[in-house]
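What follows is a set of notes on a single structure, which appears directly below.
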Amino acid sequence: MEALLLLLAFASLANARDTLTPTQPLLHNQTLVSRTQIFELGFFTPTNSNKWYLGIWFHKIPTQTPIWVANRETPLPKSSSGVLIINNYGHLSLFNQTRHVIWSSNGGSASGGAKNPIVRLLDNGNLVVVESESAKSDDPNGYFWQSYDYPSDTLLDGMKMGWDLGTGLNRKLTSWKSLSDPSMGDFVYELDRRGLPEMVLRNGSAKLFRTGPWNGFQFSGTPEVKNNSIFKPVFVSNDEELYFLSVSNDESVISRLYLSPLGVICRLTWNERVSDWIVTINVQKDMCNRYGLCGVYGICNVDEPVLCKCLNGFVPNSPDDWSRVDWSGGCRRRKDLECDKGGDDGFQKLSFVKVPDSTFSWVNESMSLGECQVKCLKNCSCTAYANFDIRGSGSGCVLWFDDLIDLREFSAGGGQDLYVRLAASELVIAGVQEAGSKKKKRPVVVIASVTVIIGTLLIGTILWCLIERAKSRQRDQTRSNLLSWKKRFDIINGIALGLLYLHRDSRLRIIHRDLKAANVLLDMEMNPKISDFGLARIFGGDETEANTRRVVGTYGYMSPEYAADGLFSMKSDVFSFGVLILEIVSGKRNKGFYHPGNDFNLLGHAWNLWNEDRALELVDEVVVMEDKLSGFEVLRYIHVGLLCVQQRPDDRPTMPSVVMMFGGDCANFPQPRQPGFYYERSFMDEGPSSSEKFSSGNKVSFTQLEGR
Ligand SMILES: *[C@@H]1O[C@H](CO)[C@@H](O)[C@H](O)[C@H]1NC(C)=O
Ligand SMILES: *[C@@H]1O[C@H](CO)[C@@H](O)[C@H](O)[C@H]1NC(C)=O
Ligand SMILES: *[C@@H]1O[C@H](CO)[C@@H](O)[C@H](O)[C@H]1NC(C)=O
Ligand SMILES: *[C@@H]1O[C@H](CO)[C@@H](O)[C@H](O)[C@H]1NC(C)=O
Ligand SMILES: *[C@@H]1O[C@H](CO)[C@@H](O)[C@H](O)[C@H]1NC(C)=O
Ligand SMILES: *[C@@H]1O[C@H](CO)[C@@H](O)[C@H](O)[C@H]1NC(C)=O
């Protein structure tokens, strides 16, 4: 160990290098920087953590963004230090202060081979062990070990995700446990090679999302992930390897695929101007990408007013309710297959579909579609078939034997053809395109179609009348009630941007102190404007908080620390904003809120529903009926609202993070804690007088700005 100490002293002389040799360890206060200064390797501490981790991050980006972590499960205590060493055999080891190995590179093809091994941080973010003589480090065949083989939660362009079939190495993304804890979280995103190979996101053993199989150009279930100005997706399948990879189309753009601690996969791009990461692709925002949303034999289409429907020839397992939000019960056959009874079955052709989960499917890569159909028909438990590869005129055969799940339909462009088995008689009644069945009875088809059309019109008219009646009943009410979700979200986003401007972007830091519905003006296009700066205060320099003995504001919107102690800050404005979000989503005022069955104000009511997983019940019923399901988006707003109204100012997000959260689930999204003024109805009513300006009634009111 003397030798080690000697080395340590020697090493501290060097700096800003991109390699380590066996005689040059990396101390806790040193870093490696890649040749053109894109990446940096060293010890870091995540936000809100008190541990050291060895990791790689972008050298030039001010927001610390680790893309790889070595000792995820074995951090160093903040008060101690560590050292990274490469030995003469090419093994990397991380020692803690008491010289115990807490992480090492064992497991790669590292061991043996290298004569004079060095470790080098490359400009693509790969940390590689190579022979020191090899002047060039860009030949992967010369790597004895590489960090690219052990991804954390980030995939850079050029990094492979998938299998080395020879060694069984599976490169996959694993989420961090939380933003402050890089240890393995619940979520794994990997290339599943059972059935048709595809990318799959799992939470433990439960599937959350699948991309659909590669169709030769892109993953068939995510047509938005395609060759663009930033990157090009590539899928490689041969005898040795099976992997997915993105290739950068523009080296000047910094971009990455990221699996967040909440299990959301996003493509993020660094934006110099706002100095932040911008979410450019989040495929899970598309509700049809929720695994199994429509249950077995259900099919999802985002372009339809109701997301889910049963495949032709199938009926809902539970009574069909047109407004239902939970389709997980799925569908069943209207008529049993006839194969078992020696009768005829046929196939219904579906086009532009993301094929069902094929984990347990049978695959032959060279059969023709015709042979495939014959093979399926012969086996009574075969439920569907499709081509394996759709390039050219299509090739290969996939057979399904289970209930079909996680299908979706694209209006055009995505997906492929799928042939679903139905009883021959069913094919005739449904009037669907048939294959494999000989019988044809067109007149029945026409009659059935006409009946369906008339029925649809009739039901549509009745529903329209019902909705119109509901609407006209609502007309005392304030017009806010008639705002669609889209409009509500726009208003919330508009207010957030206004407040962001006051807090951050304006030359002066302005605390509004009286943010409420009545102070939000809507112009003719319903664009919100924050008004009435009568109580606003300007903060200078480093001032973040101030105290006043004259508490003026509006009850129901005032944060606890302001109402009780006269303390105001940006976080007290954030509280008021949170109240506004919950009011806009629910269509109810916080003050004077009444809900049969509980004594809580709106915040307490929302918090209770949130904890009982019933948060969607908070929303305005009329709007729920009007719009197509926006539930997941609505939940996001309720979540942010609850974060903003938390009791402790420090727990509340800042306006920049609020705006980030609206942007996508890849942003920091902690669980909310108890709101301030949770059950304080009596306290509020007994409080000192205020500049209350609301008209009576239990609805949110905005002020309409006329003639602008
Ligand atoms: C880095 O740490 C070593 C040992 O802990 C110390 O001797 C050296 O002075 C430090 N270097 C800098 C630049 O702080
Ligand atoms: C170093 O690691 C060993 C083994 O994990 C542990 O027992 C020891 O307490 C650690 N030392 C420090 C200073 O953390
Ligand atoms: C992940 O699984 C855990 C445990 O089963 C569950 O509590 C959690 O809600 C799941 N999260 C998601 C996003 O599905
Ligand atoms: C991919 O997109 C880029 C930029 O949009 C374009 O220049 C390039 O030709 C495309 N490549 C392919 C193979 O389509
Ligand atoms: C796939 O099908 C072809 C043509 O029918 C056949 O020759 C081949 O043996 C099959 N391969 C496998 C693995 O079943
Ligand atoms: C039908 O296919 C299933 C699944 O591959 C298989 O277990 C079963 O033996 C087959 N039945 C017949 C009659 O070939």
Side-chain angles (χ1 to χ4, degrees), residues 155-158 163 165 192-197 213-220 222-240 242-257 267 269-271 278 280-281 283 296-297 333 336-347 355-405 412-414 418-423 435-436:
L155 196 78
L156 300 170
D157 290 344
W163 299 81
L165 299 174
D192 195 333
R193 61 195 178 97
R194 293 178 294 176
L196 287 161
W214 185 260
N215 65 14
F217 306 100
Q218 60 200 66
F219 289 111
S220 68
T222 55
E224 61 270 54
V225 184
K226 57 167 189 255
N227 179 39
N228 59 35
S229 62
I230 298 176
F231 71 95
K232 175 180 151 185
V234 173
F235 188 78
V236 174
S237 172
N238 56 42
D239 291 344
E240 286 138 38
L242 181 69
Y243 63 83
F244 165 72
L245 164 99
S246 326
V247 177
S248 176
N249 274 343
D250 183 349
E251 297 291 346
S252 69
V253 176
I254 301 178
S255 160
R256 64 193 166 109
L257 190 75
R267 162 77 56 167
T269 299
W270 179 256
N271 186 312
I278 303 297
T280 48
I281 302 181
V283 291
V296 295
Y297 299 112
R333 287 184 192 283
D336 288 338
L337 292 178
E338 283 158 23
C339 183
D340 282 327
K341 294 170 268 172
D344 268 347
D345 288 335
F347 294 94
V355 295
D357 191 336
S358 66
T359 307
F360 302 105
S361 293
W362 180 91
V363 174
N364 177 315
E365 294 184 31
S366 60
M367 270 164 79
S368 72
L369 201 60
E371 292 171 313
C372 197
Q373 185 193 100
V374 171
K375 178 130 184 122
C376 189
L377 265 185
K378 272 192 198 151
N379 187 323
C380 289
S381 46
C382 177
T383 47
Y385 71 92
N387 261 146
F388 176 78
D389 190 332
I390 64 163
R391 274 176 297 184
S393 54
S395 61
C397 173
V398 187
L399 301 183
W400 279 263
F401 297 98
D402 322 276
D403 288 338
L404 307 178
I405 191 158
L418 175 78
Y419 300 84
V420 176
R421 186 184 205 125
L422 289 178

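Both counts, for ligands and for their atoms, begin at 1 and track the order of listing.
Within 6.0 Å of CD in Glu371 there are more than 12 heavy atoms belonging to other residues, nucleotides or ligands. Surrounding NZ of Lys341 are more than 12 heavy atoms belonging to other residues, nucleotides or ligands, all under 6.0 Å away.
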Subject >> CA sep, side-chain torsions, deciding dist, call: Cys382, Arg421, side-chain contact (heavy atoms from CB on, under 4.5 Å) >> reply: CA-CA 8 Å; Cys382 177; Arg421 186 184 205 125; 3.8 Å; yes
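Near Ser366, with a cut-off below 4.0 Å to any heavy atom, the atoms of ligand 5 are 1 (C), 2 (O), 3 (C). With ligand atoms numbered from 1 in the order given, ligand 5 contributes 1 (C), 2 (O), 3 (C), 8 (C), 10 (C), 11 (N), 12 (C), 14 (O) to contacts under 4.0 Å with heavy atoms of Asn364. Below 4.0 Å from some heavy atom of Ser381 lie the following atoms of ligand 6, by number and element: 1 (C). Atom numbering of ligand 5 starts at 1 in the shown order; those under 4.0 Å from a heavy atom of Met367 are 2 (O), 4 (C), 5 (O).
Of the listed residues (Ile230, Val234, Asp250, Asn227), the one carrying the non-hydrogen atom nearest atom 1 (C) of ligand 4 is Asn227. Proximity annotation for atom 12 (C) of ligand 6: of Asp402, Asn379, Leu399, Asn379 comes nearest, heavy atoms only.
For Cys382, no heavy-atom contact with ligand 6 is shorter than 4.0 Å.
The nearest heavy-atom contact from the protein to atom 13 (C) of ligand 4 is Lys232 NZ, 4.0 Å.
Ligand 6 lies nowhere less than 4.0 angstrom from a heavy atom belonging to Trp362.
Within a 4.0 Å radius of atom 9 (O) of ligand 4, the protein contributes no heavy atom.
Judged by distance alone, with hydrogens and angles left aside, the side-chain atoms of Ser358 form a donor-acceptor pair with the main-chain N or O of Leu196 at under 3.5 Å.
For the pairing with Phe401, the side chain to side chain contact (heavy atoms under 4.5 Å, CB included) check across Cys376, Ser381, Ser361 returns one residue only, Ser381.
Note on Asp157 versus Arg267: salt bridge recorded, some NZ/NE/NH1/NH2 to OD/OE distance being below 4.0 Å.
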